[in-house]
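Per chain, numbering begins at 1; letters A, B, ... match sequence-line order.
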Amino acid sequence: MKIRVKCFAWAKEVTGEDEIDLEVPEGATVADLRESLAERFPVFSGRMESIAVSVNQEFAGEGTPVDAGDELGLIPPISGGCA
Amino acid sequence: MKIRVKCFAWAKEVTGEDEIDLEVPEGATVADLRESLAERFPVFSGRMESIAVSVNQEFAGEGTPVDAGDELGLIPPISGGCA
Amino acid sequence: MICRITDSPIDMDELTDSLDSPELGGLCTFVGKVRNHSAGQGVTHLEYHAYPEMAEKKMRQVAEEIEERFGVAHLAMAHRVGTLAIGDIAVGIAAASAHRDAAFKACRYAIDRIKQIVPIWKKEFGEDGVAWVEGCAVDAETAEPQKAQNQRV
Amino acid sequence: MICRITDSPIDMDELTDSLDSPELGGLCTFVGKVRNHSAGQGVTHLEYHAYPEMAEKKMRQVAEEIEERFGVAHLAMAHRVGTLAIGDIAVGIAAASAHRDAAFKACRYAIDRIKQIVPIWKKEFGEDGVAWVEGCAVDAETAEPQKAQNQRV
């Protein structure tokens, strides 16, 4: 199935897109999303562990299911605030 | 010699004065000031240890000399700020 | 309670006024401004980017954590996005409580926690080029932050 | 640096504006307001009294201690005296630094220390009468504070 993933900050810059479509198997998890992402955009492979994945606006572990209807996001390390 | 002592807050209320004059021996210290104060205003005796004495706008220990030319003050417990 | 991502200037008076109440004796605020230097190099300006919906949701989570931990329910926080100049307010927080200890703790926790879990990114434009300032990588399993390295672009 | 005893309303914007500088990324403020309750009883208004010259001198001492301890030189503090109503600002503090940790610590130290060593007195007018709120008796030998009891009048 096709899932749509929002890209932010560094992830948006290296993909060149606000959102990307990825192909994952039915019953896929965040781990499958990452695998598909690294295949399509090898630049992620080197720093995959620093990129969090959000599912419906929550940080999600590797085993979290992802579905075509979910709001998915790639969250590079954040730097809220300042100082 | 005569010394002049500023009274603040509770000390001002019980003396009824902004400033009081006390008689102390030549070469007097803060301890002498307290003795003279307690004689003149017995209400201080009961809580003398909670009243600080300032000499020239600094908190002063019992042995600090006091002179007619010094700016002297009676400092009840303070409560700066709020909350 | 204000939890806001905005592309307009942050008005601290609005945040503090929103907390006005006669039982609140202590108000602590924090303002984070764009500095003219970072890690020893000069900075000309910044861009802040956010995942706005998730960011406001995570801000509300921070507020809930603060109420649980410190019993402080009177909070207002706003983070600006877009291009910011030196001296502009990037983030503003206000916390009020009956007593000062809780107000200080709530305000401090808010800014620390925002920097950990609210999806906002800072791109720094300076003398030595451009970099994403990456403070906290969020661990996917625990949803808790760990130290990250900046990425030059 | 502002260290001020005043009988006029405290303007927090004036305090924070006095610290504006492009290298200062973090600004922490504390505002102490008159609460409508104290130790479980209702309060109608307050009077603040000061030994103004010594109070400003002691505030400057607090500022020096803060610069020594936290390296924070950008401070502004004001304490109001006279009759204050519920909600009026009694004390305002602003501390700015390059980084937030020092700004928070400086601001917190300032209010704690002001309440210890700056000669200001609070007379509380409430449902149960009138009392001098006496937080800290200053030990004459050490010039350091110790806990005191309120005096009813």
Side-chain angles (χ1 to χ4, degrees), chain C residues 10-13 15-17 19-40 42-46 74 84-112 114-115 122 124 133 135, chain D residues 10-13 15-17 19-40 42-46 74 84-112 114-115 122 124 133 135:
Chain C
I10 291 174
D11 178 355
M12 286 306 294
D13 289 339
L15 298 190
T16 57
D17 288 352
L19 306 181
D20 216 14
S21 174
E23 84 275 11
L24 301 174
L27 168 70
C28 181
T29 75
F30 178 75
V31 173
K33 293 184 184 183
V34 178
R35 270 179 293 142
N36 61 0
H37 62 97
S38 172
V43 171
T44 57
H45 66 284
L46 294 179
H74 298 85
L84 273 70
I86 307 300
D88 282 348
I89 298 178
V91 58
I93 298 167
S97 182
H99 297 280
R100 70 183 184 282
D101 187 58
F104 270 101
K105 283 180 176 156
C107 191
R108 179 64 195 265
Y109 184 87
I111 182 61
D112 288 351
I114 285 173
K115 290 173 71 86
K122 178 160 76 170
E124 215 165 65
V133 178
Chain D
I10 291 175
D11 178 356
M12 286 305 294
D13 288 339
L15 297 189
T16 58
D17 288 353
L19 305 181
D20 216 16
S21 174
E23 85 275 11
L24 301 174
L27 168 70
C28 181
T29 75
F30 178 75
V31 173
K33 293 183 183 185
V34 177
R35 272 178 292 140
N36 62 359
H37 62 99
S38 173
V43 172
T44 58
H45 66 285
L46 294 179
H74 298 85
L84 272 71
I86 307 300
D88 281 349
I89 297 178
V91 57
I93 298 167
S97 183
H99 298 279
R100 71 181 184 283
D101 187 58
F104 271 102
K105 283 180 176 155
C107 190
R108 179 64 196 264
Y109 184 86
I111 181 62
D112 288 350
I114 284 174
K115 289 173 72 86
K122 179 161 74 172
E124 217 165 63
V133 179

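Between Ala85(C) and Val34(C), the shortest heavy-atom distance links the atoms O-CB, 3.4 Å. Between Ala94(D) and Thr29(D), the shortest heavy-atom distance links the atoms CB-CG2, 4.1 Å. Across Val43(C) and Ile86(C), no two heavy atoms sit closer than the pair O-CD1, 3.3 Å.
Heavy-atom distances place both the backbone and the side chain of Asp112(D) under 4.5 Å from chain C. In this structure, the portion of Leu24(D) lying under 4.5 Å from any heavy atom of chain C is its backbone and not its side chain.
For the set Arg108(C), Met12(C), Glu23(C), the count of heavy-atom pairs under 4.5 angstrom toward chain D peaks at Arg108(C).
Annotation: the span from Cys28(C) atom SG to Phe104(D) atom CZ amounts to 5.0 Å, rounded to 0.5 Å.
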